[in-house]
Structure formats: structure tokens, C-alpha cells
Amino acid sequence: MSVNDNASVRRSALIVIDVQESFRHMPFWSESDLPDFRAALLRLDAGCRQRGVPVVHIFHVGQAGPFTEASGYVRALQWLPGSPAACFFKHAHNAFSDTGLDLWLRRRGIDHLIVAGIRTEQCCETTTRVGCDIGYAIDFVSEATLTFPMTHPASGRIYSAEEIKAHSELVLAGRFARVVSVDDCLAGLGDDNA
């Protein structure tokens with residue numbers, strides 16, 4: 001199946017990546033784009049649940065700082081709706097390596113993933129690339145992802161969150177995913193999971 005196929009029969013799942021308290025305790029955390037991200041993700045989550053699409057939460061566990069389990073911050077941001085269909089903890093930049101996610105999805109006949117979360121160019125993009133490579137059709141809902149400005153280590157140039165998101169869209173679109181808005185994603189779901 002090509003990344004642009006709009007299959008008539010498919011089962012979908014929303015994969016919400018790393019929308020966790022840990023990020024609020026990182027030095028780069030900024031709330032400037034948070035309101036738009038939160039609104040988009042909440043609309044996507046609600047629309048998926050209304051259509052019977054399971055929502056899966058992924059949380060990153062690291063070896064230091066606020067991403068360690070001991071920190072107490074490896075938990076959903078307060079505003080993220082609870083009661084996911086499943087929850088997985090990852091130690092890599094993608095949601096598949098050693099998490100059990102792939103097996104959970106395949107046992108349910110899910111072949112289409114909707115990717116959202118934090119950070120756009122890191123765990124969201126990496127999960128999209130790996131997911132495509134192992135056979136899933138993917139909708140990358142860029143407006144329901146969040147990232148932060150970054151400084152190039154050699155040039156010192158600061159890339160804005162908007163530039164980073166645009167780059168992720170550029171390299172994913174048509175190769176690894178359909179890059180879609182919340183509205184387009186939900187419109188494409190119909191009653192796939194009914």
C-alpha cells in the first residue's frame with residue numbers, strides 16, 4: 001500500500017507520543033505553541049474516539065533527568081484525556097523498538113496509524129519512518145505535534161519550531177506518510193473502525 005492510498009477498508013489507531021510531564025522540566029520547554037498544539041490534539045483525540053479508533057499513549061523513559069521513572073514525570077500532561085486503549089513505554093526514539101506496540105496493533109488488525117505528539121522531528125518523525133518501513137499506512141498530523149526551536153551545532157543558526165515542522169513535513173510527505181490536518185485526518189477515517 002502506498003503512503004497516499006485512502007484504503008476503503010482499514011483499521012486505524014491514534015498513536016499519541018510523549019505528551020508527558022517530563023518535557024515541562026526541560027530547559028528548552030516553551031509554552032508559546034502549546035495552546036494550538038493542545039487544541040489540535042484534543043480535537044484529534046475526541047474525533048478518533050467518536051469514530052471508534054483506539055487511542056494509544058506512548059511515554060519515553062530515559063536514563064537521566066525528568067525522563068527517568070524515578071523522577072515521577074513520566075506521566076501524561078494533565079490535560080491529555082485518560083483511558084487510552086493501551087499504553088507503552090519506550091526507551092528509543094521510535095514507539096516500536098522493544099515496546100510490544102507492533103504486536104498489539106497486528107493482533108487487532110490495525111494497519112493505519114495516526115501519529116501525533118511531542119517532538120515533531122524526533123520521536124514523532126522517527127516512529128513514522130519506522131512504522132512505514134514495517135508496513136503501516138501513516139497519517140502524520142503535523143498540527144497535532146509540538147516541537148521547540150533548536151540551535152545548529154556548527155553554524156549557531158537558530159531554527160524555529162515552524163521551520164523544524166516544515167522540514168519534517170517535507171521529508172515525510174509522500175515517502176513515509178500522508179501529512180494531513182486534523183480535519184483531513186478525521187474526514188478520511190469515516191467509520192473505518194466501526
Let me check something: do [X] and [Y] share a hydrophobic cluster, defined by ILVMFWY side-chain heavy atoms less than 4.5 Å apart, either directly or through other members?
| X | Y | answer |
| --- | --- | --- |
| Ile110 | Phe140 | yes |
| Val180 | Leu14 | yes |
| Leu113 | Phe176 | yes |
| Phe89 | Leu101 | no |
| Ile58 | Val74 | no |

Keeping the roles fixed (side chain from [X], backbone from [Y]), state whether a donor-acceptor pair exists under 3.5 Å.
| X | Y | answer |
| --- | --- | --- |
| Thr145 | Ala116 | no |
| Asn94 | Ser97 | yes |
| Glu169 | Val179 | no |
| Asp139 | Val115 | no |
| Glu163 | Ser160 | yes |
| Arg51 | Gly47 | yes |
| Lys165 | Thr147 | no |
| Ser155 | His152 | no |
| Arg178 | Gly174 | no |

Using distance alone, with no hydrogens and no angle criterion, decide if [X] and [Y] have a side-chain donor and acceptor under 3.5 Å apart.
| X | Y | answer |
| --- | --- | --- |
| Ser168 | Glu121 | no |
| Thr126 | His93 | no |
| His25 | Glu21 | yes |

Query - Check: Phe59 ring centroid to Phe88 ring centroid under 6.0 Å - result: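 Distance test on ring centres: not under 6.0 Å, no.
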
(message) Within the supplied structure, the quantity of interest is the number of heavy atoms (other residues, nucleotides, ligands) at a distance under 6.0 Å from Ile158 CD1; does it exceed 12?
(response)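 No, because the 6.0 Å sphere around CD1 of Ile158 holds 12 heavy atoms or fewer from other groups.
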
Give a yes or no on whether Arg157 atom CZ has more than 12 heavy-atom contacts from other residues, nucleotides or ligands under 6.0 Å away.
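Enclosed.
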
Identify the heavy atoms of [X] and [Y] that sit nearest to each other, and give their distance.
| X | Y | value |
| --- | --- | --- |
| Gly117 | Val19 | CA-CG2, 3.8 Å |
| Ala144 | Val182 | CB-CG2, 4.5 Å |
| Arg175 | Val171 | CD-O, 3.5 Å |
| Cys124 | Thr120 | CB-O, 3.5 Å |
| Met26 | Pro66 | SD-CG, 3.4 Å |

**Study point:** Pair Glu143-Asp36, side chain to side chain contact (heavy atoms under 4.5 Å, CB included): steps then yes or no
**Key:** CA-CA 8 Å; Glu143 70 178 308; Asp36 290 342; over 6 Å; no

inquiry  = Apply side chain to side chain contact (heavy atoms under 4.5 Å, CB included) to residues Leu105 and Arg11 and explain how you reach the verdict.
reply    = CA-CA 9 Å; Leu105 294 167; Arg11 286 191 52 79; over 6 Å; no

**Message:** If the test is side chain to side chain contact (heavy atoms under 4.5 Å, CB included), which one of Leu41, Asp45, Val55 qualifies with Pro81?
**Reply:**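 Only one option passes, and that is Asp45.
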
_Lys/Arg-Asp/Glu bridge criterion (N-O < 4.0 Å) met for Arg106, Asp102_ = yes

Between atom [atom1] of [X] and atom [atom2] of [Y], what is the distance when rounded to the nearest 0.5 Å?
| X | Y | atom1 | atom2 | value |
| --- | --- | --- | --- | --- |
| Ser12 | Leu189 | OG | CG | 5.0 Å |
| Ser22 | Glu69 | OG | CD | 10.0 Å |
| Glu162 | Ser142 | CD | OG | 10.5 Å |
| Gln50 | Leu186 | CD | CG | 8.5 Å |

- Query: How are the rings of Trp79 and Phe37 set relative to one another: parallel (under 30°), tilted (30 to 60°) or perpendicular (over 60°)?
  - Reply: perpendicular

**OP:** Please work out which of the three classes, parallel, tilted or perpendicular, describes the rings of Trp29 and Phe148, given edges at 30° and 60°.
**Re:** tilted

Contact between [X] and [Y] at the side-chain level, heavy atoms closer than 4.5 Å - yes or no?
| X | Y | result |
| --- | --- | --- |
| Ser181 | Val141 | no |
| Leu146 | Leu34 | yes |
| Arg43 | Asp183 | yes |
| Gln20 | His60 | yes |

Evaluate Cys123 against Ile118 for side chain to side chain contact (heavy atoms under 4.5 Å, CB included), listing each step before the verdict. CA-CA 7 Å; Cys123 296; Ile118 307 174; over 6 Å; no

What residue among Thr127, Asp18, Thr99 forms side chain to side chain donor-acceptor pair (under 3.5 Å) with Lys90?
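Answer to the side chain to side chain donor-acceptor pair (under 3.5 Å) test with Lys90 among Thr127, Asp18, Thr99: Asp18.
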
_Arg24 vs Glu31, test: side chain to side chain contact (heavy atoms under 4.5 Å, CB included). Steps then yes/no._
CA-CA 9 Å; Arg24 292 185 61 245; Glu31 299 206 356; 4.1 Å; yes

* To do: Using the six-membered ring of Tyr73, assess whether NZ or CZ of Arg75 lies under 6.0 Å from its centre and within 45 degrees of the ring axis.
  =>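 That pair does not qualify as a cation-pi contact.
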
Is the terminal nitrogen or CZ of Arg119 (NZ for Lys, CZ for Arg) located under 6.0 angstrom from the six-membered ring centre of Phe23 and within 45° of that ring's axis?
no

